[in-house]
Amino acid sequence: MLFIFYSIRISRNICLLPLKFSIATYSTEATSTVKKFTSVQKKLRLSDTECFQSRTISPNFVPPPDHWKIAQHVDIANSGDIEKNLYPNNEEEWRCMKLDSGKLQKHCFMLSKIRLTSLVVVTTMAGYMLAPGPFDLSTFIACSIGTGLVSATANTINQFFEVPFDAQMSRTKNRVLVRGHLTPGHAAVFATVAGIGGLVLLYSEVNGLTAALGATNLILYTLIYTPMKRISISNTWIGSVVGAIPPLMGWASCVGNVMSPDAWIMSALLYTWQFPHFNALSWNLRPDYSRAGYRMMAVTNPKLCRKTALRYTAALMGLCYLAPILNVTNWWFAITSTPLNAYFLYLAWKFHKQSDSKSSRKLFRFSLLHLPILMVLMLVNKKQWYKKQDEKQKITIHEKGEGSNIYAILTKMIPSM
């Protein structure tokens, strides 16, 4: 984990070097501009002084001595108020950060982005249950907990390096590291413990393939996606890959391999779903992303943002028809998911045409309903259940061993039924 932290720091410094250079150039130009402005101000003041000296003031205009006393008295009296305004409530600029043990669990949940982590765990569970393998409760629980710990580690590292940028956004300015509820040291310890624990649990209790997929996703999110957000709009495609790997981890933990085409169907659905979901979300957050310097499609290329949301929503509908062809689900899944996907596509088309806050909110909110409903339909209409497949294998073995003895085959089937 320490290697990951240092690698992220080095890659982040390299990626942000052009930005630092541009800031330095801007500050030099701004300083020269200020110097020019102050020289102009001096000339204006000199001209004003000369004009004032050239004027003749009437002797009747001179104020009496009592006026000066009153003015001096007012200035002295107001000096304390000015100091109070400069230092309200006598608060110090620096304060000691104390760890509140009573809220430690809450802060750790916020640090791990518990809602996003829960979504990752749910998609991993769905991938496990969709796989045509035996259901083992201990492996299922170990896979879910290990994936949740790895996801919490990735989200913690992401917040660790984005504190100055999160402070500039209304959506993220209340995060625990920005508010100072936890120190960066606390975040580093939490990420190290959760990351090592999650990967060890996946490797020892599940299998090496699932642990390798979890480590790949962690590196992809922290080393590539996090710094890429301030460099190129391709970060959205990389982030979609990160979100598509958890169902593959669930499939690998159940079956032990991901080489068959049917293993990738749910990952492909999640990959395409993330584009209308995130593009609609980022549309109303453009001022925040622009202020923090994030290069998102909604900021740098709004037209591409709308087109991408529409295209991938249409591709998601096509993938639902591909699922029964790959024998992952039956055709009832394609039929029942058609109205759901059609309305999703209609909202994406409305967002592409109008592109206002109303259409983007509708698309985003429906995407939150679309994904769980689609996964439930997929699991209900699953085609290859392990028990049915196991019974077919037994029948095939009996047919080979006993020839065409139908009576013997039926006697073997009746007790199992």
When rounded to the nearest 0.5 angstrom, what distance separates [atom1] in [X] from [atom2] in [Y]?
{"X": "Thr117", "Y": "Asn155", "atom1": "OG1", "atom2": "CG", "result": "4.5 Å"}
{"X": "Trp264", "Y": "Leu326", "atom1": "CH2", "atom2": "CG", "result": "13.5 Å"}
{"X": "Trp283", "Y": "Ser355", "atom1": "CH2", "atom2": "OG", "result": "4.5 Å"}
{"X": "Tyr343", "Y": "His370", "atom1": "OH", "atom2": "NE2", "result": "12.0 Å"}

message = Using modelled atom types and a 3.5 Å cut-off, is there a donor and acceptor pairing between side-chain atoms of Ser232 and backbone atoms of Met228?
response =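 Not a single qualifying donor-acceptor pair exists.
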Taking atom types as modelled, find out whether [X] and [Y] have a side-chain donor-acceptor pair closer than 3.5 angstrom.
{"X": "Tyr321", "Y": "Ser337", "value": "no"}
{"X": "Thr308", "Y": "Asn279", "value": "no"}
{"X": "His186", "Y": "Thr183", "value": "yes"}
{"X": "Asn158", "Y": "Thr226", "value": "yes"}

Is it true that, when you exclude [X] itself, more than 12 heavy atoms of the residues, nucleotides or ligands shown sit nearer than 6.0 Å to its [atom1]?
{"X": "Trp332", "atom1": "CH2", "answer": "no"}
{"X": "Arg295", "atom1": "CZ", "answer": "no"}
{"X": "Tyr203", "atom1": "OH", "answer": "no"}

salt_bridge(Asp166, Arg175) N-O dist < 4.0 Å = yes
- Query: Step by step, would you call Met266 with Met378 a side-chain contact (heavy atoms from CB on, under 4.5 Å)?
  - Reply: CA-CA 9 Å; Met266 182 171 280; Met378 203 169 193; 3.7 Å; yes
Review point. For the ring pair Trp237 and Phe275, is the centre-to-centre distance below 6.0 Å?
Key: yes
